[in-house]
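One-based numbering, in listed order, for ligands and for the atoms of each.
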Amino acid sequence: MSTNISRRQLFQGALALGGVVAVGGSLTACSTTDPGGPEAGGGGGLLERAKTQGLRIAIGNEPPYTELAADGTVTGCEPDVVRAVCERMGIDKVEGIVSGYDAMIPGLKANRWDVIAAGLFMKQSRCREVIYASPVIVSTESFGVRPGNPKDIRTIADVKGRDDVRVGVVPGGFEQGILETAGIDAARIVNVTDARGGADALAADRIDAFLLPTLSLRELDGVEVTDPIEDAPSTGSSAAFRPDDQDFLDAYNTELEAFKTEPEFAEILNKWGFDPSVVAGVTTEELCAVDG
Ligand code: 6CS
């Protein structure tokens with residue numbers, strides 16, 4: 001399976017394999033979701049506060065994008081890149097808070113966390129509410145199906161053309177948007193709790209396919225994973241911030257771009273199963289143009 005795609009293919013929804021990997025970091029999870037004070041978010045000040053109090057990041061606990069270990073350690077692609085960039089910024093404490101994807105942007109606005117570092121894929125509606133750092137992840141979507149793929153589901157068009165196909169998605173996720181944009185009737189779009197919940201729903205025949213990023217599905221036991229879906233839009237992400245924290249984002253991007261040129265970035269990427277060459281040269285503007 002090719003891992004090389006042209007920019008044209010990438011942004012015309014053609015198939016691409018790969019994305020970005022991050023090494024396991026040593027972030028800790030915290031339970032607090034208390035909104036910070038007025039100084040906590042918005043209107044600047046985040047950089048100085050993060051240097052003294054640390055940075056709170058929202059994660060989805062969906063390996064390999066984000067992972068919360070049993071001992072509370074937070075790792076995965078985005079958190080590990082955030083941790084490495086924060087170290088360069090003089091921020092040595094980063095705490096992860098697990099959230100559903102549908103609550104990540106509202107929680108950011110409510111100062112429950114300072115950054116979304118979950119692989120929250122860029123698209124028009126999200127880019128109107130948050131500001132993204134330079135892309136770190138470019139990845140693909142697949143269907144998780146029962147062994148043998150009994151309903152032969154491989155593309156979004158297959159789902160549209162089969163009224164008997166029920167597709168599981170995580171609430172408020174990028175995949176829900178893909179199906180809604182494709183005009184799939186709401187009755188056939190089934191919310192599942194998370195990646196494990198989708199695998200369980202598939203095994204229990206509550207759904208016929210589970211739409212999720214390719215590499216997330218590959219982490220699930222008992223789920224057959226289709227090749228990346230050729231008619232799904234591109235999925236790319238990076239850390240996401242409140243628009244009022246533009247000064248923090250500018251400082252973050254400066255360090256991120258420098259970090260991307262260092263061997264550690266490529267080392268971080270390959271450990272989790274992604275290819276750093278896929279994200280090279282891709283811009284936030286291009287990914288924020290994705291429909292949805
Ligand atoms: O951006 C999103 O909403 C999607 N991102 C990931 C890493 N998994 C599922 C989720 O729907």
Side-chain angles (χ1 to χ4, degrees), residues 16 18-22 57-68 74-82 96 98-108 115-133 135-144 156 167-182 184 189-199 201-202 207 209-220 223 225 228-229 232-241 269 272-274 278-279 282 284 287-292:
V20 172
V21 151
I57 66 172
I59 64 169
N61 193 19
E62 182 189 306
Y65 295 84
T66 60
E67 183 169 3
L68 176 60
V74 173
T75 64
C77 182
E78 293 262 14
D80 290 327
V81 172
V82 167
V98 178
S99 167
Y101 293 97
D102 53 347
M104 288 182 180
I105 291 178
L108 183 68
V115 187
I116 300 170
L120 192 76
F121 299 139
M122 298 181 204
K123 61 179 182 177
Q124 292 172 18
S125 58
R126 288 172 173 174
C127 294
R128 285 194 291 268
E129 296 195 80
V130 300
I131 50 177
Y132 278 93
V136 163
I137 290 173
V138 171
S139 55
T140 59
E141 298 278 337
S142 287
F143 288 113
I156 303 300
V167 185
V169 294
V170 295
F174 185 86
E175 296 74 25
Q176 180 175 332
I178 292 175
L179 297 177
E180 291 170 349
T181 301
I184 307 296
I189 303 174
V190 179
N191 272 345
V192 296
T193 52
D194 53 19
R196 188 63 259 160
L202 203 55
I207 59 177
F210 181 24
L211 181 53
L212 203 68
T214 306
L215 293 182
S216 302
L217 289 167
R218 289 183 182 165
E219 295 279 328
L220 301 172
V223 174
V225 183
I229 300 168
S234 307
T235 59
S237 78
S238 191
F241 303 83
L269 305 182
W272 296 85
F274 297 93
V278 177
V279 72
V282 177
T284 301
L287 291 171
C288 278
V290 170
D291 278 344

Which residues satisfy the salt bridge (charged side-chain N to carboxylate O under 4.0 Å, His left out) test with Glu180, sequence neighbours excluded? none
CG of Leu108 to CD1 of Ile57, rounded to nearest 0.5 Å, is 12.0 Å
Euclidean distance, Glu175 CD relative to Leu212 CG, rounded to 0.5 Å: 5.5 Å
Thr284: which residues meet the side-chain contact (heavy atoms from CB on, under 4.5 Å) condition with it, sequence neighbours left out? Met122, Tyr132, Pro135, Cys288
Return a table of N or O atom pairs, ligand 1 on one side and protein on the other, at distances under 3.5 Å, rounded to 0.1 Å.
| residue | atom | partner | partner atom | Å |
| --- | --- | --- | --- | --- |
| ligand 1 | 1 (O) | Gly119 | O | 3.4 |
| ligand 1 | 1 (O) | Phe121 | N | 2.7 |
| ligand 1 | 1 (O) | Arg126 | NH1 | 2.9 |
| ligand 1 | 3 (O) | Arg126 | NH1 | 3.3 |
| ligand 1 | 3 (O) | Arg126 | NH2 | 2.8 |
| ligand 1 | 3 (O) | Phe174 | N | 2.8 |
| ligand 1 | 5 (N) | Gly119 | O | 2.9 |
| ligand 1 | 8 (N) | Glu62 | OE1 | 3.1 |
| ligand 1 | 8 (N) | Glu62 | OE2 | 2.9 |
| ligand 1 | 8 (N) | Tyr101 | OH | 3.4 |
| ligand 1 | 11 (O) | Phe174 | N | 3.1 |
| ligand 1 | 11 (O) | Glu175 | OE1 | 2.5 |

Atom CD1 in Ile178, atom CG in Leu211: separation rounded to 0.5 Å? 5.0 Å
Set of residues satisfying ring pair (Phe, Tyr, Trp, His ring centres under 6.0 Å) with respect to Phe174, sequence neighbours excluded: Phe121
